[in-house]
Amino acid sequence: MRERSAPELTLRAALTGTLLGAVLSLCNIYSGLKIGWGFNMSITAALLAFGIWRAAQAAGAPAFGKLENNINQTAASAGASISSAGLVSAIPAMTMLTGRTLGFLELASWTFLISMVGVLVGVGMRRQMIEVDRLPFAQGIASAETLDRMYASGEEAIRKVLALLGAGALAAAWKTVVHFAPIRNIALPGAIDAGARVVTPMNLTVAIDPSPLMIAVGSLGSLRTGVSMLAGAVCAWLVLGPLALSNGWIELGEVSATGPWFKELVTWLLWPGVAMMVVGSLVSVAFSWRSIARTFTGGSASESASDEARAPVDDVPRRTYYALALFVIAAVAIGQVVLFDIAWWAAILAVLLTWILAAVCGRVSGETSLTPVGAMGKVTQLVFGLLVPGNPTANLMSANVTGGAAAQSGDLLHDLKTGALLGASPRRQAIAQSCGVVGGALAGSAAYLVLLPDPASQIGTAEWPGPAVMTWRAVAEVFAGGVGAMPPYALEAMVAGGVLGALLTVLEKTLPERARAFVPSPAAFGLGFVVQGWYAVSLFAGALIGWLVRRYAKTWSERFLTPIAAGVIAGESLAGVSIAVYAILSA
């Protein structure tokens with residue numbers, strides 16, 4: 001139990017977390033547009049804040065306490081999660097389909113409001129999920145343990161901070177060199193017969209990428225994920241791609257004889273890939289039916305849970321909570337009507353459905369450590385595809401509410417688990433989360449508008465593959481234009497992809513644990529269809545490196561692998577955003 005006199009929600013803690021969240025939101029937007037997902041930044045933010053205030057302490061500032069750092073990481077993780085509020089998925093997909101572009105104030109307000117739905121869901125579910133059901137929330141436990149170790153051994157934490165900063169500086173410098181030198185992808189030898197054309201691996205996007213970003217991403221994941229994504233890329237780009245070309249299912253038009261044909265090929269390959277990911281995620285959520293049922297009935301996920309919550313009772317006052325909930329629900333519904341011309345009944349239904357799905361997402365995240373944001377968004381897309389057919393804006397933006405809220409709900413519940421283990425105040429963490437959302441919405445919206453001034457011409461290119469954007473757009477297109485708008489034989493490929501995604505998920509959930517390691521991940525396999533082949537090669541290399549390091553240098557990997565990988569991701573992402581800003585200013 002914490003000492004009541006220990007500082008917690010201080011101005012410097014809230015500001016540090018808000019500013020770090022704003023900066024780290026740029027990293028998740030950059031990586032989201034590249035590979036389709038972002039990262040939990042809690043531990044990264046805790047390390048950075050520890051290093052910043054330890055240096056300030058040497059200059060005479062008071063010590064930055066553990067509970068202050070918990071407030072910092074709560075705010076920072078919320079700001080970094082703003083990419084899930086549609087900035088790398090539904091919002092650019094809407095622009096591509098309708099031509100509608102949101103201005104800065106519209107975008108910042110919209111992402112803030114839908115994220116606040118998630119914050120309120122998390123606050124409302126805290127007592128049941130953390131105190132009563134005592135769900136694990138593994139990321140929250142990891143953050144609490146990291147903070148405990150950090151303050152027990154300050155010198156070790158400083159070494160991790162230096163490793164993170166050093167890796168980030170090197171990655172940023174290398175990204176700058178690669179861009180301005182420039183250093184191109186390394187072509188692989190050979191050629192493939194595709195009917196009337198002979199295509200090279202470079203045409204099919206299979207090459208060696210000089211960027212370390214995906215290597216760092218892969219090192220944080222499992223070897224199974226790396227192998228699955230590489231297998232998916234081989235199947236897509238070296239087998240199905242040439243097959244579609246040779247049969248005339250893909251229109252190439254004017255293409256470079258030596259460059260990649262990503263934008264042309266992905267218009268066909270995305271259909272089986274998207275079906276695999278969507279069906280696989282929905283089947284996976286269906287296997288969590290007990291978690292879904294317990295969302296509404298209560299009950300513990302594990303009788304042996306030993307991580308009992310110890311937080312003092314300091315919740316958001318009930319009247320304040322209900323007033324905020326009503327205000328946010330009304331504001332999000334009005335926002336849908338005003339910004340996107342969605343019918344009022346559909347707007348209200350979207351928020352109410354979101355409240356339920358975000359609570360389900362929080363429960364599943366607490367029990368499995370996986371936050372099924374995409375799956376929850378797809379459920380809303382399916383519902384509104386049936387209720388409002390032929391309206392891609394309603395389809396995308398109603399689901400955008402669900403995705404953004406689900407991400408913030410899961411994020412806050414993990415942070416509240418951290419706080420419960422440290423003896424922190426839930427009310428103060430909720431305030432910190434809200435501060436972080438403000439910083440993330442402002443910085444993330446600005447970064448999005450800088451990086452993607454014209455999503456229609458940018459998404460699906462070598463620079464911005466936008467796999468999440470392509471996925472959301474594809475689902476909306478099916479409901480808006482019907483299967484007749486799909487390329488030749490894409491429907492058949494989509495059905496096959498969906499069946500394979502369901503089959504792999506069933507095997508993943510039902511086989512003995514030892515056998516599961518040999519079942520490809522349907523999410524990673526499908527992702528290999530919608531990003532360039534060179535990303536899959538790099539992610540596999542990173543996963544292999546991470547596996548080897550964890551196996552043969554276990555102690556070193558436990559200390560430094562995560563900080564170094566996080567530094568590389570942050571360094572390259574921030575350098576990429578800075579280069580984009582420089583290009584605009586120098587134009």
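Note that the coordinates shown come from a computational prediction; the quantities given were computed from them, not determined experimentally.
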inquiry  = Please evaluate residues Tyr535 and Leu527 with respect to the criterion side chain to side chain contact (heavy atoms under 4.5 Å, CB included), reporting the C-alpha separation (whole Å), side-chain torsions for both, the decisive distance (0.1 Å), and the verdict.
reply    = CA-CA 10 Å; Tyr535 283 149; Leu527 185 62; over 6 Å; no
request  = Could you go through the side chain to side chain contact (heavy atoms under 4.5 Å, CB included) check for Trp110 and Val401 one step at a time?
outcome  = CA-CA 9 Å; Trp110 175 248; Val401 179; 3.6 Å; yes
request  = Applying salt bridge (Lys or Arg N to Asp or Glu O under 4.0 Å), run through Glu106 and Arg100 and close with a yes or a no.
outcome  = CA-CA 12 Å; Glu106 293 174 317; Arg100 173 73 190 282; 3.6 Å; yes
inquiry  = For Thr402 and Val117: C-alpha separation, side-chain torsions, deciding distance, then whether side chain to side chain contact (heavy atoms under 4.5 Å, CB included) applies.
reply    = CA-CA 9 Å; Thr402 301; Val117 174; over 6 Å; no
request  = Decide yes or no on side chain to side chain contact (heavy atoms under 4.5 Å, CB included) for Ile43 and Gln73, but give the supporting numbers first.
outcome  = CA-CA 7 Å; Ile43 293 176; Gln73 68 87 14; over 6 Å; no
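A donor-acceptor pair under 3.5 Å links the side-chain atoms of Thr461 to the main chain of Gln458, judged by distance alone. Proximity of a side-chain donor or acceptor of Lys417 to a complementary backbone N or O of Gly366 within less than 3.5 Å is not detected. No side-chain donor-acceptor contact under 3.5 Å links Ser409 to the backbone of Ala406. For Lys34 (side chain) and Glu463 (main-chain N/O), a donor-acceptor pair under 3.5 Å exists by modelled atom type. Using modelled atom types, no side-chain atom of Ser445 and backbone atom of Leu442 make a donor-acceptor pair closer than 3.5 Å. At distances below 3.5 Å, at least one donor-acceptor pair connects side-chain atoms of Glu8 with backbone N or O atoms of Ser425.
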Residues 500-507, side-chain donor-acceptor partners within the protein, below 3.5 Å, at least two apart:
residue : atom : partner : partner atom : Å
Thr505  : OG1  : Gly280  : O            : 3.4
Thr505  : OG1  : Gly501  : O            : 2.7

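Atoms CZ and CG, on Phe340 and Asn395 in that order, are 13.0 Å from each other to the nearest 0.5 Å. Within the model, atoms CG of Leu213 and CD1 of Ile35 stand 6.0 Å from one another, a figure rounded to the nearest 0.5 Å. Atoms NZ and CE, from Lys378 and Met376 in turn, are 10.5 Å apart once rounded to the nearest 0.5 Å. Considering CD1 of Ile141 and NE2 of His414, their distance stands at 9.5 Å, rounded to 0.5 Å. To the nearest 0.5 Å, the span separating OG on Ser398 from CD1 on Ile114 amounts to 11.0 Å. Rounding to the nearest 0.5 Å places CG of Leu265 at 11.0 Å from CG of Leu270.
Side-chain contact check for Met94 versus Met397: some heavy-atom pair is nearer than 4.5 Å. Side chains of Phe262 and Pro465 form a contact here, defined as non-hydrogen atoms less than 4.5 Å apart. Considering only heavy atoms from C-beta on, Pro487 stays 4.5 Å or farther from Trp249 through its side chain. Annotation: side chain of Leu20 is not in contact with side chain of Met41 (no heavy-atom distance under 4.5 Å). The shortest side-chain heavy-atom distance between Leu413 and Leu135 does not fall under the 4.5 Å cut-off. Under the 4.5 Å side-chain criterion, counting only non-hydrogen atoms from C-beta, Glu477 is in contact with Trp271. Proximity of Leu382 to Phe479: side-chain heavy atoms (C-beta onward) are separated by under 4.5 Å at one or more points. Between Gln532 and Met214, every side-chain heavy-atom pair lies at or beyond the 4.5 Å cut-off.
With respect to Pro467, the side chain to side chain contact (heavy atoms under 4.5 Å, CB included) criterion is satisfied by exactly one of Val530, Ile459, Val266: Val530. Each of Thr44, Asn40, Asp411, Thr418 was compared with Ser77 under the side chain to side chain donor-acceptor pair (under 3.5 Å) criterion, and only Asp411 meets it.
Surrounding CZ of Phe327 are at most 12 heavy atoms belonging to other residues, nucleotides or ligands under 6.0 Å away. For CG of Asp454, the number of neighbouring non-hydrogen atoms (other residues, nucleotides, ligands) closer than 6.0 Å is greater than 12. Other residues, nucleotides and ligands place more than 12 heavy atoms under 6.0 Å from the CH2 atom of Trp345.
Between Ala476 and Gln381, the closest heavy-atom pair is N-NE2, 3.7 Å. Counting all heavy atoms, side chain and backbone alike, Ser228 lies closest to Pro520 at OG-CA, 3.3 Å. Residue Ala85 comes nearest to Thr111 through the heavy atom pair O-CG2, 3.8 Å, listed as atom of the first residue, atom of the second, then distance. Taking all atoms of both residues into account, the shortest heavy-atom contact from Ser25 to Ile82 is CB-CG2, 3.8 Å. Minimum heavy-atom separation, Ala93 to Leu396: C-CD1, 3.8 Å. The shortest heavy-atom contact between Pro392 and Leu97 is CB-CD1, 4.0 Å.
Side chains of Thr74 and Gln433: a donor-acceptor N/O pair is absent below 3.5 angstrom, by distance only. Ser81 and Ser84 share no donor-acceptor pair across their side chains, judged by distance under 3.5 Å alone.
One finds a salt bridge joining Arg224 and Glu508 here, because a Lys/Arg side-chain nitrogen approaches an Asp/Glu carboxylate oxygen to under 4.0 Å.
Here ring-ring contact (aromatic ring centres under 6.0 Å, His included) pairs that include residues 433-477, with residues two or more places apart or in two chains, are Tyr30-Trp464.
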